Amino acid sequence: MAKTFQTLGEFIIENQGDFQYSTGELSRLLSSIRLATKIVNHQVNKAGLVEDILGDVGEDNVQGEAQKKLDVFANETFIKALIQREVVCGIASEENEYFIPVTNGSNAHLSKYVVLIDPLDGSSNADVNVTVGTIFSIYRRVTEPGTPVTLEDFLQPGNKQVAAGYVVYGLSTMLVYTTGKGVNGFTLDPNLGIFYLSHPNMQFPEDGKIYSINEGNYVHFPQGVKDYLKYCQKSEGDRPYTSRYIGSLVSDFHRNMLKGGIYIYPSGTNNPHGKLRLLYECNPIAFIAEQAGGFASDGYKRIMDINPTELHQRVPFFCGSKNMVKDAEEFMAKYPEDNKNY
Ligand code: AHG
Ligand code: MN
Ligand code: MN
């Protein structure tokens, strides 16, 4: 039995009034994402049972990373749901080299919103039955409604986001999102296919004891990160902290938001700009973190204030409990030359 009986659909409609002059457009957009989420969830749950879900497609995506069959399925599902329901004027996806202008249908080009998505996050976990996710980010277009979207509509700093969210396909499936008025989490009842409000007004603990980083890359890390890790591991006060790393940003972030912790994907000699993508991963997760009282930085400055220059831009990412991110920034500040290198 769900803890509350408020469904995601009801919640979206009831909170529509938060936006001045709301026309219900954002509500319809969020409802389309909810639908696509259920379809992807259904498919993720069958992984291992039916053919053609697990494994590589045999091609690399635009980032030169092996595309998984589930990456392709999730990407197509979200794009189809958004285009067919005519709720956006453009879509950018981690899996597509260029943004997609939405031109079919009579009114689609009039929509004022663009969506950026990481359709399947942590996809390398899918083959081994470990949690994956979806991340989405919504902006108001900056060009004139009614005209075709341009790159400018997508290259906006994170502080301009209208809404952002993620789905975690875990032990249960949860959709967590913000429209800039706090963060709320909804858990899917798999039998009814309904998301219920299960985590109202989520709050990031200000301090935490978990650090999440791929320590296999240690030798490549900037000195500030190495020093911070030594600090985390030192026996003093409430340290050493605990290390937890799933390898899917959504799951690592979700755990840290509930328990208190920091996630770090730094720059490194093997990844000069870090690995995570500013527009599809860092900005939406940063928006949620801040709305829950956490913080996100590139090690030196606020993630959401970065002015993007390309769709698939990567940035170092430090995100989590406010005091932990501030501590990490202090260690980074001792090596200002590393800031210039990324
Ligand atoms: P994606 O599957 O969308 O490409 O994202 C994978 C990302 C992120 O989810 C995760 O935290 C990180 O890559 C893991 O990278 P490493 O395997 O290098 O640790
Ligand atoms: Mn990802
Ligand atoms: Mn992905």
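No experiment lies behind these values; they were computed from the predicted model shown. Every number for a ligand or one of its atoms is a count from 1 in the order of the listing.
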Would you say L249 has any N or O atom under 3.5 Å from an N or O of ligand 1, going by distance alone?
yes
Determine, for D127 against K68, whether the closest basic-nitrogen to carboxylate-oxygen distance falls under 4.0 angstrom.
yes
R141 side chain to E144 backbone, donor-acceptor under 3.5 Å:
yes
Which of the atoms of ligand 1 are close to D118, meaning less than 4.0 Å from one of its heavy atoms?
3 (O)
Under 3.5 Å, N or O to N or O, is N217 touching ligand 1 that way?
no
Could you tell me which atoms of ligand 1, counted from 1 in the order shown, lie closer than 4.0 angstrom to a heavy atom of E94?
3 (O), 4 (O)
S123 neighbourhood, listing ligand 1 atoms whose heavy-atom distance to it stays under 4.0 Å:
2 (O)
List the closest protein heavy-atom neighbour of atom 10 (C) of ligand 1: residue, atom name, distance to the nearest 0.1 Å.
G247 O, 3.4 Å
Regarding S137 and N283, is there a side-chain donor-to-acceptor distance under 3.5 Å anywhere?
no
Would you say CG of N45 has more than 12 non-hydrogen atoms from neighbouring residues, nucleotides or ligands within 6.0 angstrom?
yes
Counting only heavy atoms not in L192 (residues, nucleotides, ligands), do more than 12 fall under 6.0 Å from its CG?
yes
Counting heavy atoms only, name the option from Y265, F317, Y263, Y280 that's nearest to atom 11 (O) of ligand 1.
Y263
Identify the two heavy atoms, one from K275 and one from R314, that lie closest to each other, and give their separation to 0.1 Å.
O-NH1, 2.6 Å
Atoms of type N/O/S from protein, distance to the Mn ion (ligand 3) below 2.8 Å
3
Nearest protein heavy-atom contact for atom 13 (O) of ligand 1: which residue, which atom, what distance?
K275 NZ, 2.9 Å
Does ligand 1 have an atom under 4.0 Å from some heavy atom of E281?
yes
Applied to residues 240-263, the ring-ring contact (aromatic ring centres under 6.0 Å, His included) test, sequence neighbours excluded, yields Y166-F253, Y166-H254, F204-F253
Report yes or no: is the cationic atom of K334 (NZ for Lys, CZ for Arg) closer than 6.0 Å to the six-membered ring centre of F331, at no more than 45° off its axis?
yes
Tell me whether the centres of the aromatic rings in F317 and Y265 are closer together than 6.0 Å.
no
Side chains of S111 and E25: is there a donor and an acceptor less than 3.5 Å apart?
yes
Does the ring center of F186 lie less than 6.0 Å from the ring center of F11?
yes
Regarding R239 and the six-membered ring of Y231, is the cationic atom NZ or CZ under 6.0 Å from the ring centre and inside 45° of its axis?
yes
Which residue and atom name correspond to the protein heavy atom nearest atom 9 (O) of ligand 1, and how close is it?
D121 OD1, 2.6 Å
Among all protein non-hydrogen atoms, which one is nearest to atom 4 (O) of ligand 1, and what is the separation to 0.1 Å?
R277 NH2, 3.1 Å
Can you tell me if V132 contacts ligand 1 (heavy atom of the residue under 4.0 Å from the ligand)?
no
R244, CZ: over 12 other non-hydrogen atoms inside 6.0 angstrom
no
Protein residue, atom and distance nearest to atom 2 (O) of ligand 1, heavy-atom basis:
G122 N, 2.8 Å
Could you tell me which atoms of ligand 1, counted from 1 in the order shown, lie closer than 4.0 angstrom to a heavy atom of S248?
9 (O), 11 (O)
I'd like to know if the side chain of S321 reaches the main chain of M324, judged simply by a donor and an acceptor atom lying under 3.5 Å from each other, with no hydrogens or angles considered.
no
Which atoms of ligand 1 have any heavy atom of N214 under 4.0 Å away?
16 (P), 18 (O), 19 (O)
Only heavy atoms of L120, strictly under 4.0 Å: list the atoms of ligand 1 that pass.
2 (O), 3 (O)
Closest to the Mn ion (ligand 2), which N/O/S atom of E281 is it?
OE2
Heavy atom of the protein closest to atom 14 (C) of ligand 1 (residue, atom name, distance)
Y245 OH, 3.2 Å
Other residues, nucleotides, ligands: >12 heavy atoms within 6.0 Å of K38 NZ:
yes
Looking only at distance, does S124 have an N or O less than 3.5 Å from an N or O of ligand 1?
no
Check for a donor-acceptor pair, side chain of N271 on one end and backbone N or O of H273 on the other, with a separation under 3.5 Å.
no
Using a plain distance cutoff, I'd like to know if L276 has any nitrogen or oxygen under 3.5 Å from a nitrogen or oxygen of ligand 1.
no
